[in-house]
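Here the structure comes first, spelled out in structure tokens, and everything after it is commentary.
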Amino acid sequence: MIMQRGRVVIVGAGQAGGWVAKALRDNGYRGPISLIGNESYPPYERPPLSKGILSGEVDTPSTYIWTRDQLEELGIDLRLSVEVERVSCSSKMVSLSSGEAIHYEKLVLATGGAPRALSIPGTDLKNVNMLRDINDAVRIRENINSGKSLVVIGGGWIGLEVAASAKKMGVDVTVIEASDRLCSRAAPSALSDYLIKKHGDNGVEVMLLSNASALTGVDEVSGLKLSNGKTVAAGAVVIGIGITPNTGLAKMAGLEVDDGILVDDFGRTSDRDILAAGDVARHHNPYSGGSVRLESWENAQNQAIAVAEVICGAPRPYNYVPWFWSDQYENNIQVVGFPDDKYQQVVRGSAGSSGSVRFYIENGIVRGAFAIDAGRDIKITKRLIQNSVRVDSNLLSDPESKLQRLIA
Ligand SMILES: Cc1cc2nc3c(=O)[nH]c(=O)nc-3n(C[C@H](O)[C@H](O)[C@H](O)COP(=O)(O)OP(=O)(O)OC[C@H]3O[C@@H](n4cnc5c(N)ncnc54)[C@H](O)[C@@H]3O)c2cc1C
């Protein structure tokens, strides 16, 4: 389909924003496209930030999804280090921090999220960091390289990846978590059990049910006080307590927002000419039975492509089974669907060991799973969930039986 239309403006030149632009061209969109981002880098992938970039194993340009030249060749007007400050739905204009105003026919908000702030004294001390962008990762690496002990506040996915990377670099690491288990918001308890054992085995001290009350030090951070009166020495700190979606522009524009910009099955917001994708968008997911705001690499890419297809006049409902991975130490952890403690559990392989999969089953149908170093099984499980295949638990739990047979 070849289209010549008005300008599409994309706010946020991150993973989702970049993919909207690229997928518009892939789908034959010939009209002008402006991709506007407030960072100085072209669209890049964030997963390496807590892994290879932090440890220094990979360099910054390797995270770029496309270079500036590649985007220019596609005729994409890429504007970096510029903030979109205002959206006017009535005049269909965006106002930029550079003083310019741009008219759009369709607007895509792909503004991602910002690390949630921790309101305790001392967060302004030197060597206290949060991790969202390349500059943060480089700064944390410099802190760690100077041999400082690291305290990670927040035992979620990003905090744990930082802990694993720092530990591999030979630093003393303590993880402080307020809840009674790790990754409690996004993982079933068997996975939390695996994670705490993994980090303990690697020499990380994990303190559960611990609330940070103040960071201490003179100019530089030197310690953390907990609300139970304990103190922990800290040469550097990473705060990783989740993100809040960047919904400011959407709210200002009068769009419907509720922990994310509300979008329909096609990524459309409450204004018919404005769409949203990636970490900032909240959509209905048929596999969860409710609305979700997914913070994952796969969602940022696929939802962006779905939004581009809608703009190009080839709409497809966006209804994926969620999937994400995390790399910690030598292990690759993958989670698919919605594994929940309320479901029946069946383990394939030796529970919590490399090569194992734990399935979460409701009335004979797999709703979710997690795997340690078993990505191939997770791919098949995704199809089981997608097709609501009724499964035989004996077959699932038998590592000798081929999962593939269940979807044949
Ligand atoms: C450290 C880290 C590790 C991760 N690891 C994994 C992993 O292992 N597996 C996995 O599945 N997912 C992982 N993720 C999640 C994944 O990277 C995100 O889900 C994905 O980056 C979301 O893409 P996005 O485009 O929606 O948001 P972002 O990538 O955050 O992009 C949004 C962009 O919009 C910009 N912006 C915001 N407001 C404006 C404005 N008004 N004007 C101009 N620009 C604006 C922001 O600065 C940003 O550059 C990780 C994320 C992080 C931070």
Side-chain angles (χ1 to χ4, degrees), residues 9-22 34-54 63-65 78-87 94-98 102 107-116 129-138 140-141 152 154 156-162 164-165 186 238 240 242-253 260-261 267 276-282 293-305 307 320 322-328 331-336:
V9 172
I10 304 159
V11 186
Q15 191 188 343
W19 270 106
V20 173
K22 171 73 165 48
S34 293
L35 175 59
I36 305 167
N38 57 9
E39 292 188 64
S40 58
Y41 305 97
Y44 62 91
E45 297 195 332
R46 291 178 202 270
L49 300 184
S50 45
K51 309 174 183 79
I53 293 281
L54 199 65
T63 65
Y64 299 168
I65 311 175
L78 175 66
R79 299 173 191 222
L80 297 176
S81 306
V82 183
E83 176 97 10
V84 174
E85 293 181 331
R86 229 176 81 80
V87 174
V94 293
S95 312
L96 313 188
S97 53
S98 58
I102 306 179
L107 177 68
V108 181
L109 298 175
T111 46
R116 193 170 292 143
N129 306 282
M130 302 214 259
L131 175 54
R132 183 69 189 176
D133 61 30
I134 287 179
N135 299 341
D136 297 333
V138 170
I140 295 168
R141 183 175 70 214
V152 177
W157 291 110
I158 289 177
L160 293 180
E161 287 193 349
V162 169
S165 299
V238 174
I243 64 164
T244 39
N246 290 325
T247 53
L249 277 181
K251 280 186 189 156
M252 226 190 288
I261 303 171
D279 282 11
V280 78
R282 174 171 285 280
R293 191 176 59 72
L294 301 172
E295 296 169 11
S296 72
W297 176 93
E298 188 190 48
N299 177 64
Q301 178 170 318
N302 289 348
Q303 198 173 23
I305 293 171
V307 156
Y320 280 75
W323 167 84
F324 70 91
W325 86 96
S326 173
D327 294 322
Q328 297 182 34
N331 297 110
N332 170 261
I333 303 156
Q334 297 196 20
V335 181
V336 67

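One-based numbering, in listed order, for ligands and for the atoms of each.
Polar contact check, S50 against ligand 1: no nitrogen or oxygen pair lies under 3.5 Å apart. Annotation: A16 places an N or O atom under 3.5 Å from an N or O atom of ligand 1; distance criterion only. Ligand 1 has a nitrogen or oxygen under 3.5 angstrom from a nitrogen or oxygen of R132. Checking only distances, E298 never comes within under 3.5 Å of ligand 1, N or O to N or O.
Against a heavy-atom cut-off of under 4.0 Å, L249 is close to the following atoms of ligand 1: 41 (N). Near A110, with a cut-off below 4.0 Å to any heavy atom, the atoms of ligand 1 are 32 (C), 33 (C), 34 (O). Contact atoms of ligand 1 toward E161: 8 (O) (distance under 4.0 Å to a heavy atom of the residue). Per-residue contacts place I36 under 4.0 angstrom from the following atoms of ligand 1 (heavy atoms of the residue considered): 43 (C), 44 (N). Against a heavy-atom cut-off of under 4.0 Å, V82 is close to the following atoms of ligand 1: 43 (C). Close contacts of ligand 1 with G37, meaning ligand atoms under 4.0 Å from a residue heavy atom, involve 43 (C), 44 (N). Near G278, meaning under 4.0 Å from one of its heavy atoms, ligand 1 places the atoms 26 (O). Numbered from 1 in the order shown, with element, the atoms of ligand 1 that lie under 4.0 Å from a heavy atom of V11 read 40 (C), 42 (N).
Between the side chain of T111 and the backbone N or O of N246 there is at least one donor-acceptor pair closer than 3.5 Å. Between the side chain of Q303 and the backbone N or O of G278, at least one donor-acceptor pair lies under 3.5 Å.
Ring geometry for Y64 against Y44 counts as tilted: the plane angle lies between 30° and 60°, on a 0 to 90° scale.
Counting only heavy atoms of the protein, atom 20 (C) of ligand 1 lies nearest to Q15 OE1, 3.6 Å. Scanning all protein heavy atoms for the shortest distance to atom 47 (O) of ligand 1 gives N38 OD1, 2.5 Å. Of the protein's heavy atoms, W297 N, 3.1 Å lies nearest to atom 11 (O) of ligand 1. Taking atom 15 (C) of ligand 1 as the reference point, the nearest protein heavy-atom neighbour is E295 O, 4.0 Å. What sits closest to atom 34 (O) of ligand 1 on the protein, heavy atoms only, is G12 CA, 3.2 Å. When hydrogens are left out, the protein atom nearest atom 27 (O) of ligand 1 is G112 CA, 3.3 Å; that is the closest non-hydrogen contact. The protein heavy-atom contact nearest to atom 21 (O) of ligand 1 is R46 CD, 3.6 Å. Protein heavy atom in closest approach to atom 8 (O) of ligand 1: K51 NZ, 2.6 Å.
Between the choices L54, V87, N299, D279, the shortest heavy-atom distance to atom 26 (O) of ligand 1 belongs to D279.
Taking all atoms of both residues into account, the shortest heavy-atom contact from R116 to I243 is NH2-O, 3.1 Å. Contact detail for A110 and G17: the closest heavy-atom pair is CB-N, 3.6 Å.
Judged purely by distance below 3.5 Å, without hydrogens or angles, the side chains of Q334 and N332 pair a donor atom with an acceptor atom. No hydrogens or angles considered: nothing links the side chains of E298 and S296 as a donor-acceptor pair under 3.5 Å. D327 and W325 share a donor-acceptor pair across their side chains, judged by distance under 3.5 Å alone. Neither side chain, E83 nor S97, offers a donor N or O lying under 3.5 Å from an acceptor on the other.
Within the structure, the closest approach of E85 to ligand 1 does not fall below 4.0 Å when heavy atoms are considered. Distances shorter than 4.0 angstrom occur between a heavy atom of I158 and an atom of ligand 1.
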For I65 and Q15, run side-chain contact (heavy atoms from CB on, under 4.5 Å): C-alpha distance rounded to whole Å, both residues' side-chain angles, the deciding distance at 0.1 Å, then the answer.
CA-CA 8 Å; I65 311 175; Q15 191 188 343; 3.7 Å; yes

Residue pair I140, L54: steps toward the side-chain contact (heavy atoms from CB on, under 4.5 Å) verdict
CA-CA 7 Å; I140 295 168; L54 199 65; 3.5 Å; yes

Let's go through I102 and R79 carefully: what are the C-alpha distance in whole Å and the side-chain angles of both, what is the deciding distance for side-chain contact (heavy atoms from CB on, under 4.5 Å) to 0.1 Å, and is it a yes or a no?
CA-CA 12 Å; I102 306 179; R79 299 173 191 222; 3.8 Å; yes

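The existence of a salt bridge linking E295 and R132 is excluded, since no basic side-chain nitrogen approaches an acidic carboxylate oxygen closer than 4.0 Å.
No part of E45 comes within 4.0 Å of ligand 1, judged by heavy-atom distances. When non-hydrogen atoms are compared, ligand 1 lies under 4.0 Å from neither the backbone nor the side chain of W157.
How far CG of L294 is from CZ of F324: 10.0 Å, rounded to the nearest 0.5 Å.
Test D136, I53, V152 against L131 for side chain to side chain contact (heavy atoms under 4.5 Å, CB included) and you get one pass: D136.
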